[in-house]
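Shown next, in structure tokens, is the structure this report addresses.
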Amino acid sequence: MNSNFIGCFSAEWIKKRRSFSSWLVIAGGLFVPVISVIIFFVYPKQLLAIHASGHFWNMLFQKSWQMMAFMLLPMGLVLAVSLVTQLEFKNNSWKQVHTSPVLYSHIYFSKLLVLLLMLVQLFLVFNTGIWISAWIPSLLISDIPYPDYAFNYGKILTLNAGYFIGSLPLLALQYMISLQFRNFLVPVGTGLALIIGGMIALTWKYIYMVPSAYTALYFLQSTESTAPAHSLTYWSLGYFLTFTFLGYWLYISRKVKG
Amino acid sequence: MFCAETRGLSHQFSGQPAALNNICMQVPAGSIYGFLGPNGAGKTTTLRILLGLIKKQQGEVFLFDKPLHRHRVEVLKNVGTMIESPSLYGHLTAYENLLLLQKIFKCPRSRISEVLVTVGLPDTGNKKASAFSLGMKQRLSLAVALLHNPKLLILDEPTNGLDPNGIIEIRDLLKKLNEQSGVSIIISSHQLYEVEKLVTHIGVISKGCMVFQGTLENLVSQWQQNISLIIECSNLHRSAEIAGSQGIHAKAINGRLQMLLPEKRMISSLNRAFVEAGIDIYEMKTDRKDLESIFMELIK
């Protein structure tokens, strides 16, 4: 990686300090685990049932991902991506960015890299949160046993990789849209409409072509609720690359850059 | 050598009349170039095209004698900018706003504290830029522009929001940068009095056309070539005859005698002749224009 790109990326990383998007990553990652802990305190039998299943970690992760995959992850993506690009519009700083001695490609791809790393952060916070959500009730409620079961790292990593790849098309699409509009409501509204549309069309036979539904589809595939008729991984990566390069072309084609 | 130059720059926003018409701007290296014009004349559009923020439609842009579209990254390393309203990240501190640019320009980190002191913002600590007053934001924007020791500063109305003391401080700072470090400066303004004490060269733009470009002295001397001497006296006809007898062509206009300003000794000789002929002189004046009037004439 060349040093100019690293400098540009470092600058982008500093910009997200204390920004709403960086808080959203933490809050979004902990939301489901916190809700789970509350549910386990109110209804300890639910946690006991998971303990009794014989596949504790697998069950717990599937349960947590269910809430995340259908709504929270896609909505979080739409919001976080729009907030990151909105930083430049809101602060009137595109003109500063575009009069800096960096290539347009460095600006575009360093922002994208920041978004991808924020997604990784979200997954780390979320997975850690799930793990903690299993321990807290055991430590505080005497009837609930400790979850000291074998942890299948390979399976959990595969599960996370699937959701990560499934998130990429929506992230790239949202990035492309939000770079085009100064008004925050346009990219957010479009993103939310795409998510809701995807949910409505979940049983459609061509749903594998709707990128905003991929995390939900991946959940259904991983729980074998629906047969994997098409490879979501290939579709996701294909869409991701298409939206990324289309977004770049739209970005550099803008006649007014600040 | 010009540190910034445009050749035949024309621009039109869709559905609107031409914003710029054949602008040929020439900023000599080492100068302080005042880019003047009323609001909406095309100053900001010119500066934005000069920096590549607006895609040029017609004409050429050169920075340090290199075409901008082919050497954008290379030439921008030596340019510090401040275009219109401050470009600051409100959720970051002054230090962090500069830190992120330090990463891009790869200048020493010690420059951050130096420029904060230079612009008079050494003690803002953890205060976020969004909590700054407009004047503080302007100062921080100037610090951003100065961070990497640029050879050319492009400042669009940099004293907006500053109090009178702040304006004087910034003016002195820019003068010092120009004189001690040889930094060339383009400073746009719609007020002549803001920049006349600072600039060495000016360009005046009106309705998208460059109506004057050169030094301040050039501007003044160009406008002082046809100054008239106006005399109000008791006998217009007789005084015109006396002036004629001294070889001065004078006309009666609006009850006053008007002629091209003669040499000083001719004025005193004329005055003496009028007194000797018993003509009372009530007023004797020139229509010499001050800089402000010249500017107002130019942008009409």
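Computed from heavy atoms alone, side chains included, the values below leave out hydrogens, waters and symmetry copies.
With a threshold of 4.5 angstrom between heavy atoms, B:I154 does not approach chain A through any atom at all. In this structure, the portions of B:T93 lying under 4.5 Å from any heavy atom of chain A include both its backbone and its side chain. Proximity to chain A is limited to the side chain of B:K128, based on heavy atoms less than 4.5 angstrom apart. For B:K106, the part lying near chain A is the side chain, with the backbone staying farther off; criterion is any non-hydrogen pair under 4.5 Å.
Rounding to the nearest 0.5 Å places CD of B:Q102 at 9.5 Å from OG of A:S10. Summarising the geometry, atom OH belonging to A:Y104 is positioned 3.5 Å from atom CZ belonging to B:R72; distances are rounded to the nearest 0.5 Å. Note that the OG1 atom of B:T81 and the NZ atom of A:K95 stand 9.0 Å from one another [nearest 0.5 Å]. Residue B:R48 holds its CZ atom at 11.5 Å from OG1 of A:T99, rounded to the nearest 0.5 Å.
Enclosure of atom CH2 in A:W131 is not indicated, since only 12 or fewer non-hydrogen atoms of other residues, nucleotides or ligands lie within 6.0 angstrom. Remark: A:Y108 OH is packed, more than 12 non-hydrogen atoms of other residues, nucleotides or ligands lying under 6.0 Å away. Within a 6.0 Å sphere centred on NZ of B:K137, heavy atoms belonging to other residues, nucleotides or ligands number more than 12. Remark: A:W135 CH2 is packed, more than 12 non-hydrogen atoms of other residues, nucleotides or ligands lying under 6.0 Å away. Atom CZ of A:F20 sits in a sparse spot, with 12 or fewer heavy atoms from other residues, nucleotides or ligands closer than 6.0 Å. For A:N183, the CG atom is densely surrounded, since the number of other residues' heavy atoms within 6.0 Å is greater than 12.
In this structure, A:P101 and B:I104 have side chains that are in contact, with non-hydrogen atoms separated by less than 4.5 Å.
Heavy-atom pairs under 4.5 Å with chain B were tallied for A:L87, A:N4, A:I14, A:V97; the largest tally goes to A:I14. Of all the listed residues (A:H106, A:K15, A:R17, A:K257), the one sharing the greatest number of non-hydrogen pairs under 4.5 Å with chain B is A:K15. Most heavy-atom pairs under 4.5 Å with chain A, from the set B:G52, B:G80, B:S85: that is B:S85.
Taking a cutoff of 4.0 Å between a charged side-chain nitrogen and a carboxylate oxygen, B:E96 and A:R18 qualify as a salt bridge.
When the options B:L88, B:V144, B:I83, B:L100 are evaluated for a side chain to side chain contact (heavy atoms under 4.5 Å, CB included) with A:Q96, the one that passes is B:V144.
Contact detail for B:S87 and A:S93: the closest heavy-atom pair is CB-CA, 3.9 Å.
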